[in-house]
Amino acid sequence: MGYYYYYVVLMMMVVWGSQRCDGFGTFGFNIHHRYSDPVKGILDLRGLPEKGSIDYYAAMAHRDLLFHGRKLAAVTSAPLTFVGGNDTYQLNALGHLFYANVSVGSPSLRFLVALDTGSDLFWLPCDCIQCVRGLQTTSGQVDFNIYSPSNSTTSSKVSCNSTFCGQCSLNTCPYYDEYLSNNTSSFGLLVEDVLHLTTDDSQLKAVDAQITFGCGIVQTGLFLDGGAPNGLFGLGMKNISVPSILANQGLAANSFSMCFGPDGIGRISFGDKGSSEQGETPFNLGQSHPTYNISITQITVEKNVTDLCFTAIFDSGTSFTYLNDPAYSVITEGFNSQAKEKRHPPDSQIPFEYCYDLSANQKTFETASLNLTMKGGKQFPVTHPIEIIDMQGQGYIYCVAVVKSGDINIIGQNFMTGYHIIFDCERMVLGWESSNCEYISPNLDCVSK
Ligand SMILES: *[C@@H]1O[C@H](CO)[C@@H](O)[C@H](O)[C@H]1NC(C)=O
Ligand SMILES: *[C@@H]1O[C@H](CO)[C@@H](O)[C@H](O)[C@H]1NC(C)=O
Ligand SMILES: *[C@@H]1O[C@H](CO)[C@@H](O)[C@H](O)[C@H]1NC(C)=O
Ligand SMILES: *[C@@H]1O[C@H](CO)[C@@H](O)[C@H](O)[C@H]1NC(C)=O
Ligand SMILES: *[C@@H]1O[C@H](CO)[C@@H](O)[C@H](O)[C@H]1NC(C)=O
Ligand SMILES: *[C@@H]1O[C@H](CO)[C@@H](O)[C@H](O)[C@H]1NC(C)=O
Ligand SMILES: *[C@@H]1O[C@H](CO)[C@@H](O)[C@H](O)[C@H]1NC(C)=O
Ligand SMILES: *[C@@H]1O[C@H](CO)[C@@H](O)[C@H](O)[C@H]1NC(C)=O
Ligand SMILES: CC(=O)N[C@H]1CO[C@H](CO)[C@@H](O)[C@@H]1O
Ligand SMILES: CC(=O)N[C@H]1CO[C@H](CO)[C@@H](O)[C@@H]1O
């Protein structure tokens, strides 16, 4: 049985691990959940719902659904990548919920970019005709940096002979990434500049990587509405993604990790290949748009083992987990049969169907445990299958944090909580290891230059 203490989650101090490495190893940024206290502290967004409130869950699921909705349409119609290119990529449901403070150009500027495993291109608001220049916060205006190729001495246009150039126009390479739902898009020119990295070891050695990214001149839709107000950092499998570029330049292994701490603080590390103890499962390849697609062969709810087989996208950018039947019913009904509390009546404001009332002075509760068996047989115990919702004066409820999907299956960020997840495109496996993300010592599989 999962055993939950029922009180407000405390913010924890995060101490990043370090390890020596002679060559270039991994590079990292701290990552922040959109609703984590550090991001709230930095941005202090007006109107941002309190974590744990019903509005918070509604806002998160709303965002997921926007991206989710887009996914289906993307499959059937619009190309989503560079102008003129016949590449199209699948946009998995990206919550845009994790951000990193990255540094680009000379002199360097900082950008608070959304980390997105569901897309490939990194773009920044740039010489803007239409973009978010800042946010109104309770303590005043926060201005975002806007990139400008002409203001960075290390910036250059991507030349037309570049493999990244989909279509050449007046000696520049325009791109257009379209997100069907709500007309969300970014349009601009591909440029090259320096992404400032540091080794993820005690030496903190500076490494400047020459990367290709989008100078995003016109943004629309959710990108103007807080979706990725200061740029989007695509972490997908394709060559244009920063992890691929770092690997192609021999700066890091073609593998990166993200860690999802229970408090919304995590870490991303390029070149991290995980450990020999980690669980692993192969990616399903052969799609025209490669994604972090894995297979699940069995679901264990408490002691009840159900054999089944389905594929799912491991999408760190989606807040919740979205499953189709039969997986959805196996999990929710399995939890329901074990629940000791009274079922909360259906509530259209809550994205989850299976919720239970907690009594006024209840301090703990128990739920079923949940294990997913991945293709290959390794277990993925879900440490956070439950969300606790503050009903604002009406007490608290807890819910099985799985949303019924209308289309694809997505293992969202909530199921990755408590894990150090490795997206290994060298061995084409997904890896996971239990972690509180406070202390991570990446496996420094050094790539010598
Ligand atoms: C990003 O990092 C810089 C340098 O550490 C800092 O001055 C800035 O406030 C950070 N911005 C955000 C939004 O975290
Ligand atoms: C580029 O630099 C100039 C001069 O410092 C400044 O006025 C302008 O705002 C900068 N452009 C951007 C997009 O930051
Ligand atoms: C691409 O074109 C640029 C000039 O536009 C040239 O300097 C460079 O060598 C070319 N690269 C290749 C790989 O042809
Ligand atoms: C996108 O914009 C077009 C025209 O601006 C509009 O007709 C269409 O309904 C919009 N689609 C969505 C999903 O908002
Ligand atoms: C990615 O880059 C590698 C090495 O540069 C190349 O072999 C491969 O064909 C590229 N793949 C795609 C899809 O462009
Ligand atoms: C995941 O991979 C499976 C098997 O290759 C495929 O049938 C499915 O469409 C893929 N899912 C997505 C969303 O790409
Ligand atoms: C889930 O997997 C873990 C790790 O393999 C194992 O220790 C645990 O007993 C499993 N739980 C269930 C209910 O199968
Ligand atoms: C085990 O799960 C299956 C599939 O959800 C269900 O049909 C069955 O009733 C469950 N068995 C028990 C003992 O709970
Ligand atoms: C089709 C679609 O997703 N429409 C959404 C666009 O955004 C507004 C406001 O965020 C939503 O209310 C619509 O549902
Ligand atoms: C490895 C590394 O550079 N870590 C840095 C991440 O960012 C925080 C704050 O921005 C720094 O304190 C770390 O040193």
Side-chain angles (χ1 to χ4, degrees), residues 1-2 67-68 70-76 88-94 104-111 117-118 124-129 131-134 143-153 155 188 191 193 215-217 230-231 236-237 277-307 309-315 318 322-324 330-331 334-335 338 366-383 385 405-411 418-419 428 430 432-434:
M1 286 281 196
F67 289 104
H68 208 190
R70 176 187 61 201
K71 164 67 189 59
L72 259 190
V75 169
T76 51
T88 57
Y89 59 81
Q90 261 181 336
L91 288 155
N92 309 321
L94 351 156
V104 176
S106 313
S108 67
L109 288 180
R110 291 278 182 164
F111 301 89
T117 58
L124 291 173
C126 170
D127 286 345
C128 288
I129 292 175
C131 67
V132 177
R133 293 175 183 275
D143 293 326
F144 286 139
N145 284 322
I146 306 292
Y147 180 81
S148 179
S150 53
N151 281 7
S152 173
T153 56
S155 184
V191 295
D193 205 340
C215 161
I217 299 166
N230 199 213
M237 281 187 175
E277 280 87 57
Q278 71 188 5
E280 285 185 0
T281 192
F283 291 128
N284 295 317
L285 302 172
Q287 311 293 308
S288 50
H289 318 290
T291 58
Y292 302 117
N293 179 329
I294 53 86
S295 297
I296 293 170
T297 59
Q298 207 175 52
I299 293 175
T300 307
V301 182
E302 201 56 33
K303 300 244 145 47
N304 189 358
V305 182
T306 306
D307 288 315
C309 193
F310 63 97
T311 62
I313 304 295
F314 237 77
D315 188 348
T318 304
Y322 292 77
L323 295 174
N324 287 295
V330 167
I331 293 174
F335 272 77
Q338 303 278 334
E366 290 184 0
T367 70
S369 65
L370 174 61
N371 270 15
L372 306 177
T373 308
M374 301 295 187
K375 183 178 179 179
K378 286 286 191 295
Q379 296 283 309
F380 185 92
V382 179
T383 60
S405 173
D407 43 275
I408 57 167
N409 298 305
I410 296 162
I411 304 299
Y419 282 103
M428 285 299 174
L430 179 86
W432 61 92
E433 192 161 30
S434 194

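In each ligand, atom 1 is the first atom listed, and ligand 1 is the first ligand listed. The analysis underlying the following values was restricted to heavy atoms, covering all of them including side chains, and did not include hydrogens, waters or symmetry mates.
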What atoms of ligand 7 come closer than 4.0 angstrom to any heavy atom of Asn371?
1 (C), 2 (O), 3 (C), 8 (C), 10 (C), 11 (N), 12 (C), 14 (O)
At what distance is the nearest protein heavy atom to atom 6 (C) of ligand 2, and which residue and atom is it?
Asn151 ND2, 4.0 Å
How about atom 2 (O) of ligand 2: does it have a protein heavy atom within less than 4.0 Å?
yes
Got a donor-acceptor contact below 3.5 angstrom from the Gln278 side chain to the Glu433 backbone?
no
With a 4.5 Å cut-off on side-chain heavy atoms, are Tyr322 and Asn409 touching?
no
Can you list the ligand 7 atoms lying under 4.0 Å from a non-hydrogen atom of Thr300?
13 (C), 14 (O)
Report the C-alpha separation of Trp432 and Met374 in whole Å, then their side-chain angles, then the decisive distance to 0.1 Å, and conclude whether the side-chain contact (heavy atoms from CB on, under 4.5 Å) test is met.
CA-CA 11 Å; Trp432 61 92; Met374 301 295 187; 3.4 Å; yes
Of all the atoms in ligand 6, which lie at a distance below 4.0 Å from a heavy atom belonging to Ile313?
12 (C), 13 (C)
Side chain proximity check, Pro282 to Met428, heavy atoms < 4.5 angstrom
no
Would you say Glu302 contacts ligand 7, with heavy atoms under 4.0 Å as the rule?
yes
Does atom 14 (O) of ligand 2 have a protein heavy-atom neighbour under 4.0 Å away?
yes
Which ligand 7 atoms does Ser369 reach within 4.0 Å, using its non-hydrogen atoms?
13 (C)
Should you measure from each heavy atom of Ile408, which atoms of ligand 6 turn up under 4.0 Å away?
13 (C)
I'd like the name of whichever of Asn293, Asp407, Ile294 reaches closest to atom 8 (C) of ligand 6 through any heavy atom.
Asn293
Could any protein non-hydrogen atom be found less than 4.0 Å from atom 11 (N) of ligand 2?
yes
With ring centroids as reference points, do Phe283 and Tyr292 lie under 6.0 angstrom apart?
yes
Could you check Ser106, Ser108, Ser152 and say which one makes a side chain to side chain donor-acceptor pair (under 3.5 Å) with Asp193?
Ser152
Look at atom 4 (C) of ligand 7 and say which protein heavy atom is nearest, naming residue and atom and giving the distance to 0.1 Å.
Pro381 CG, 3.9 Å
What orientation do Phe314 and Phe380 show, parallel under 30°, tilted 30 to 60°, or perpendicular over 60°?
perpendicular
Is Cys131 disulfide-linked to Cys126, taking SG-SG under 2.5 Å as the test?
no
